[in-house]
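Accompanying notes for the structure given below.
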Amino acid sequence: MGISVNGVDIDDSVIEREMAHHQSAANPLKQSVHEVVLRAVLLQEAARLGIEGENEDARIEALFAQEVRVPEADTAACEIFYRNQPERFTSGAMVEARHILFQVTAGAPLELLRETGQAVLSELRAHPERFAELAREYSNCSSGAVGGSLGQLTLGQTVPEFEKLLFRLAPGAMAEHLLETRFGLHIVQVLRRIDGVLLPFDAVQAQIADRLKRAAWQRALHQYLQILVGRADIEGITLEGADGALVQ
């Protein structure tokens with residue numbers, strides 16, 4: 001394929017072997033090339049710095065340990081996270097909810113779905129007693145057969161954007177706007193809720209600190225990879241970002 005990193009050619013056989021690990025990717029060849037090139041950049045940097053290891057993975061890990069460092073999250077940062085996202089640290093919270101899903105598919109343009117969803121939402125705001133009826137008629141979720149009922153839901157059972165809305169709505173309230181998730185557009189109503197107990201900060205501080213450190217490390221790693229890739233002389237391919245499978 002005529003690819004080189006800092007003057008060192010990458011043999012096609014290396015890419016062919018790598019493809020065996022990326023058959024589920026949207027583009028196995030592109031993902032494999034990205035992986036091989038990024039690995040070559042990292043191994044060359046490790047060699048330049050004199051970093052050794054029993055194998056390639058060990059040398060790359062040692063490179064990251066030496067070059068990518070982030071401070072521990074302090075108490076103030078943990079407290080801010082705790083105050084801003086109390087729902088993450090609430091135990092026993094539960095809602096009973098229902099929804100109508102307008103699923104996005106190749107044959108259903110988003111704008112048409114949005115118009116339909118908005119029309120149904122307007123009708124429900126005027127006549128909320130029709131919710132079950134319209135769920136059976138319009139919802140693309142299996143819950144439509146039971147009037148859109150999702151039953152009782154606790155934290156962690158739905159996708160984050162859906163959960164965030166669910167646990168913000170008051171009992172009996174219907175969301176004023178369509179909610180967009182990876183599944184499509186939703187009309188959401190909470191029928192009943194049980195507020196949980198907020199865990200004390202001391203009980204979750206270590207968990208928060210670990211989460212913040214991991215997030216900071218990922219950001220620092222991404223920046224480091226961007227620097228290395230930008231500094232390298234890569235021929236035959238342009239890396240689209242530097243956050244491939246190697247560092248997930």
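In what follows, residues are counted from 1 in the order of the sequence shown.
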Between the main-chain N or O of [Y] and the side-chain N or O of [X], is there a donor-acceptor pair closer than 3.5 Å?
X    : Y    : result
E123 : A119 : no
N6   : A232 : no
T90  : L198 : no
Q189 : H99  : no
Q118 : L178 : no
Q157 : T154 : yes
N140 : Q103 : yes

Taking atom [atom1] of [X] and atom [atom2] of [Y], what is their separation to the nearest 0.5 Å?
X    : Y    : atom1 : atom2 : value
L166 : L150 : CG    : CG    : 7.5 Å
M19  : Q23  : CE    : CD    : 5.5 Å
L199 : Q205 : CG    : CD    : 14.0 Å
L121 : I187 : CG    : CD1   : 5.0 Å

[X] versus [Y]: any side-chain heavy-atom pair under 4.5 Å?
X    : Y    : answer
R214 : R211 : yes
L225 : F64  : yes
V229 : V37  : no

Between [X] and [Y] (salt bridge meaning N to carboxylate O under 4.0 Å), is one present in this structure?
X    : Y    : answer
E45  : R48  : yes
E180 : R114 : yes
E52  : R59  : no
R193 : D195 : yes
R17  : D11  : no

Passes side-chain contact (heavy atoms from CB on, under 4.5 Å), Q44 versus V8? Steps please. CA-CA 10 Å; Q44 287 182 17; V8 179; 3.9 Å; yes
Closest heavy-atom pair and its distance - [X], [Y]:
X    : Y    : answer
A40  : I10  : CB-CD1, 4.3 Å
L42  : L63  : O-CD2, 3.5 Å
P28  : H22  : CB-O, 3.3 Å
A173 : L169 : O-CD1, 4.1 Å
G147 : F131 : O-CD2, 3.8 Å

K213: partners by salt bridge (Lys or Arg N to Asp or Glu O under 4.0 Å), with sequence neighbours left out: E72
Salt bridge (charged side-chain N to carboxylate O under 4.0 Å, His left out) assessment of K164 paired with E161: CA-CA 5 Å; K164 185 176 181 179; E161 58 271 32; over 6 Å; no
Kindly indicate, with the supporting measurements, whether the criterion side-chain contact (heavy atoms from CB on, under 4.5 Å) is fulfilled by F201 and C78. CA-CA 9 Å; F201 174 70; C78 292; 3.8 Å; yes
H186 ring center near F102 ring center (under 6.0 Å): no
Taking atom CD of E54 as the centre, report whether more than 12 heavy atoms of other residues, nucleotides or ligands fall under 6.0 Å from it. no
